[in-house]
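Here is the structure we will look at, set down as structure tokens.
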Amino acid sequence: MRKLVYIILAGIAFIVACTKESPTPESRNPILPATVSRYDSVAGDVPFDPWDGFQVDNHKATLGRVLFYETQLSKNNRVSCGSCHKQAFGFADNLAKSIGFDNGLTKRNSQAILNAGLQEFFFHDLREEHLENMVLMPIADHVEMGLENKDYMVAKLESLPYYRNLFLQAFGDESVTVERISDGLVHFIRSMISVNSKWDIGNGVGFSNFTQEELLGKNLYFIKFPCSSCHGGDNLMGGMSAAENVGLDNWYQDKGEPGLDPVLNVTKNGWFKVPSLRNVEVTGPFMHDGRFSTLEEVVEFYNSGIQRHPQLSFMLRRGNNGGFFDLAEFNEDIIPNQETGIHPLRMAMTQEEKQALIAFMKTFTDWGFLNDNRFSDPFIRP
Ligand code: HEC
Ligand code: HEC
């Protein structure tokens, strides 16, 4: 009898201990600066408008920061945006495929987040133009965060006391709505501006801050090889053509951007967003499926590995004498004989050139951005 009482008492003690240990929302308050951070300005003179006219509100961005790292926005409170978009990796993931709330793997490689104002389309297949819609998708996504019911999402945030003041500061009253959640996330994401790399500084001082190797790499990137025709402009990304087929494979399982190939008039296969190369030093693994883990592998792919895909970008086809824009050869390629008509560029890089290209791409890294407290996880104790 006495034994039984002990067992029951031990059982009760065990249950009490367990309930105590299960993380209650109250035990994880975000730690925010006493005065609101300035999300509406960047250090230094930037010769272009990285916000593209968008007026960032500091209080909305602050709310967005908390939401970005809010695990309660996932079905089982395990995953936040920040789980797959990690600051140290340029807000990309260091895994080829990211792990969702229920341990499922994402279909594609998580993308870096930066300079959203300079981007027209989001996702590897460009499927979304409006950040306002985009930011709520991962929350409802079955693999990523799994919280489909919007009313439940609102109710969950309403039950967390620290949101009252955040919503009040951002919108003038405490009420939580789906639109306001989206708005907060949009203001935070639009404030994630990365314009202070060695490359940006070099642009202002005639590249006097560059090493010989970096200068060589810059020449290769802009002149000898066609890199800048795709990864160019202020944001080192696709301008005229936002998606391209780079010939990773002869046929792509993941079709990428939908629509018709403008030349062949067949369904597009293997066209993916031309990513910004800002912070590329830390955003690996690379490509939409994370197939390359190092920049060395990416460069070797461009050097010798481009496949004869019938829809291969013209910028990666061989022209005469190493010229990249020889129309005669392009016309030959357009002829329906898709098997033999494609001549992928073979760049024949020397070892020195490969290394210089990589050294140059590393000047795109913005260490200030990667270490900026305004973008860090507020739930982590300092
Ligand atoms: C489980 C991992 C995961 C989580 C959680 C996640 N993402 Fe993503 N994110 C991805 C992947 C993978 C892609 C690329 C998807 C694709 O192209 O199909 C992506 C793409 C994006 C992009 C597009 C970037 C570009 O340049 O086109 C943005 C912006 C983004 N996510 C923001 C968010 C926000 C905001 C949240 C939280 C509400 C979030 N993500 C949660 C994995 C995740
Ligand atoms: C025809 C346009 C085009 C040209 C030219 C081009 N790229 Fe790319 N690049 C792309 C596309 C598209 C992707 C993404 C492919 C994917 O996701 O599967 C990419 C991806 C990359 C990546 C990986 C980025 C990431 O975040 O995953 C690097 C690095 C890169 N390119 C460097 C270069 C270099 C260096 C050159 C010149 C030797 C070059 N590119 C030439 C279109 C191009």
Side-chain angles (χ1 to χ4, degrees), residues 64 67-70 73-74 79-85 90-93 95 97-101 104-116 119 121-128 131 134-141 143-147 181-182 185-186 188-189 192 217 220-221 224-232 236-238 241-249 252 254 256 270-281 283-292 295 297-299 301-303 306 312-317 324 345 347 349 354 357-358 360-361 364:
L67 293 170
F68 191 85
Y69 291 102
E70 182 56 81
L73 280 177
S74 67
V79 165
S80 71
C81 312
S83 311
C84 304
H85 299 285
F91 295 99
D93 200 346
L95 303 171
K97 305 280 163 73
S98 302
I99 302 165
F101 73 101
L105 289 184
T106 56
K107 201 174 137 213
R108 297 185 178 134
N109 182 235
S110 171
Q111 289 167 287
I113 302 180
L114 57 90
N115 302 350
Q119 312 209 24
F121 304 96
F122 300 97
F123 294 124
H124 287 291
D125 54 9
L126 314 182
R127 67 182 177 279
E128 190 53 66
L131 212 49
M134 195 259 110
V135 291
L136 296 180
M137 286 181 192
I139 300 174
D141 185 284
V143 174
E144 295 182 7
M145 296 164 86
L147 201 62
I181 296 171
S182 156
L185 281 167
V186 166
F188 181 61
I189 286 172
M192 295 162 87
L220 298 171
Y221 187 95
K224 183 163 181 190
F225 304 130
C227 315
S228 66
S229 359
C230 287
H231 306 281
L236 298 159
M237 67 182 296
S241 52
E244 289 286 345
N245 178 315
V246 296
L248 288 170
D249 298 313
Y252 289 67
D254 182 346
W271 295 55
F272 287 95
K273 178 171 177 172
V274 180
S276 167
L277 294 191
R278 287 183 175 278
N279 299 318
V280 76
E281 176 176 5
T283 62
F286 303 106
M287 306 311 195
H288 68 279
D289 52 4
R291 68 174 62 195
F292 299 131
L295 283 177
E297 286 172 52
V298 176
V299 168
F301 156 73
Y302 280 112
N303 179 46
I306 300 172
L312 177 62
S313 165
F314 291 110
M315 285 173 277
L316 292 169
R317 296 186 190 194
F324 301 114
L345 202 57
M347 301 190 200
M349 298 175 188
K354 291 177 200 169
L357 259 182
I358 292 168
F360 173 61
M361 286 192 276
F364 303 158

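In what follows, every heavy atom counts, from backbone to side chain, and hydrogens, waters and symmetry copies are set aside. Start at 1 and go down the list; that is how both ligands and their atoms are numbered.
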Is any side-chain heavy atom of Met315 closer than 4.5 Å to one of Cys230? yes
Quick look: Ser83 vs ligand 1, heavy-atom contacts under 4.0 Å, and the answer is neither
Could a heavy atom of Leu277 be found less than 4.0 Å from some atom of ligand 2? yes
Looking only at protein heavy atoms, what sits closest to atom 11 (C) of ligand 1 is Ser110 CA, 3.6 Å
Should the pair His288 and His124 be assigned to parallel (<30°), tilted (30 to 60°) or perpendicular (>60°) ring geometry? perpendicular
The answer for which part of Ser98 has a heavy atom under 4.0 Å from ligand 1 is side chain
Is Arg291 salt-bridged to Asp249, cutoff N-O under 4.0 Å? yes
Do Phe286 and Asn109 come within less than 4.5 Å of each other through their side chains, counting heavy atoms only? no
Check whether any side-chain heavy atom of Phe91 sits under 4.5 Å from a side-chain heavy atom of Leu114, and report yes or no. no
Side chain, backbone, both or neither: Pro275 near ligand 2, heavy atoms under 4.0 Å: side chain
Can you sort out which atoms of ligand 1 are near Phe122, meaning under 4.0 Å from one of its heavy atoms? 25 (C), 27 (O)
Numbered atoms and elements of ligand 1 in range of Ile113, under 4.0 angstrom, heavy atoms: 30 (C), 32 (C)
Within this structure, what is the OG-CG distance for the pair Ser276 and Asn115, rounded to the nearest 0.5 Å? 6.5 Å
Mode of Lys97 contact toward ligand 1 - side chain, backbone, both, neither (heavy atoms, under 4.0 Å): neither
Mind checking whether Phe292 and Leu248 have side chains closer than 4.5 Å, heavy atoms only? yes
Please check whether Phe123 reaches ligand 1 - meaning an N/O of the residue sits under 3.5 Å from an N/O of the ligand, judged on distance alone. yes
Distance (rounded to the nearest 0.5 Å) between Ile306 CD1 and Leu316 CG: 4.5 Å
Does the residue Arg108 have a heavy-atom contact with ligand 1, meaning some pair of atoms that are separated by less than 4.0 Å? yes
Quick check on Arg291 - does any of its heavy atoms sit under 4.0 Å from an atom of ligand 2? no
Working to the nearest 0.5 angstrom, can you tell me the gap between Phe272 CZ and Asp289 CG? 7.5 Å
Can you tell me if Arg127 has a non-hydrogen atom under 4.0 Å from ligand 1? yes
Between Cys84 and atom 8 (Fe) of ligand 1, is there a contact where an N/O/S atom of the residue lies under 2.8 Å from the metal? no
Taking atom types as modelled, find out whether Gln119 and Lys273 have a side-chain donor-acceptor pair closer than 3.5 angstrom. yes
Mind checking whether Lys273 has a heavy atom under 4.0 Å from ligand 2? yes
Could you list the atoms of ligand 1 found under 4.0 angstrom from a heavy atom of Gln119? 26 (O)
Quick check: do Met134 and Val186 have side-chain heavy atoms less than 4.5 Å from each other? no
Of all the non-hydrogen atoms in the protein, which one sits nearest to atom 22 (C) of ligand 1, and at what distance? Met134 CE, 4.0 Å
Give the contacting part of Val299 toward ligand 2: side chain, backbone, both or neither, where contact means a heavy-atom distance below 4.0 Å. neither
Could you find the nearest protein heavy atom to atom 37 (C) of ligand 1 and give me its residue, atom name and distance? Cys81 SG, 1.8 Å
Please classify the His85 to ligand 1 contact at 4.0 Å (heavy-atom distances, strictly less than): side chain, backbone, both or neither. side chain
Using a strict cut-off of 4.0 Å, indicate which atoms of ligand 1 neighbour a heavy atom of Val135. 38 (C)
Residue selection (non-hydrogen contact nearest atom 5 (C) of ligand 1) among Ser74, Gly100, Ser80, Pro138: Ser80
Would Leu67 and Phe188 count as a side-chain contact (heavy atoms from CB on, under 4.5 Å) here? Give the steps. CA-CA 9 Å; Leu67 293 170; Phe188 181 61; over 6 Å; no
For atom 17 (O) of ligand 1, grab the closest protein heavy atom and report residue, atom and distance to one decimal in Å. His124 N, 2.9 Å
In Å, rounded to the nearest 0.5 Å, how long is the span from CZ of Arg108 to CG of Asp254? 4.0 Å
Opening angle at atom 8 (Fe) of ligand 2 [OH, Tyr302; NE2, His231; to 10 degrees]: 170°
Is the closest N or O pair between Met361 and ligand 2 shorter than 3.5 Å? no
Return a yes/no value for Glu244: is any of its N or O atoms, backbone included, closer than 3.5 angstrom to an N or O of ligand 2? no
Taking heavy atoms and a distance under 4.0 Å, where does Val143 meet ligand 1: side chain, backbone, both or neither? neither
Check each atom of ligand 1 against the heavy atoms of Ile189 and keep those under 4.0 Å away; list them by number with element. 35 (C)
Once you restrict to heavy atoms under 4.0 Å, what part of Leu316 touches ligand 2? Side chain, backbone, both or neither. side chain
Please list the nearest protein heavy atom to atom 23 (C) of ligand 1 with its residue and the distance rounded to 0.1 Å. Gln111 OE1, 3.4 Å
Non-hydrogen atoms of Ile99 versus ligand 1: any pair closer than 4.0 Å? yes
Centres of the Phe225 and Tyr302 rings: under 6.0 Å? no
Report yes or no: does a heavy atom of Asn109 sit under 4.0 Å from some atom of ligand 1? yes
Is it true that a side-chain atom of Thr106 and a backbone atom of Ser98 form a donor plus acceptor pair closer than 3.5 Å? yes
Considering only heavy atoms, does Leu248 approach ligand 2 within less than 4.0 Å through its side chain, its backbone, both, or neither? side chain
Can you measure from SG (Cys81) to CD1 (Ile139) and round to the nearest 0.5 angstrom? 6.0 Å
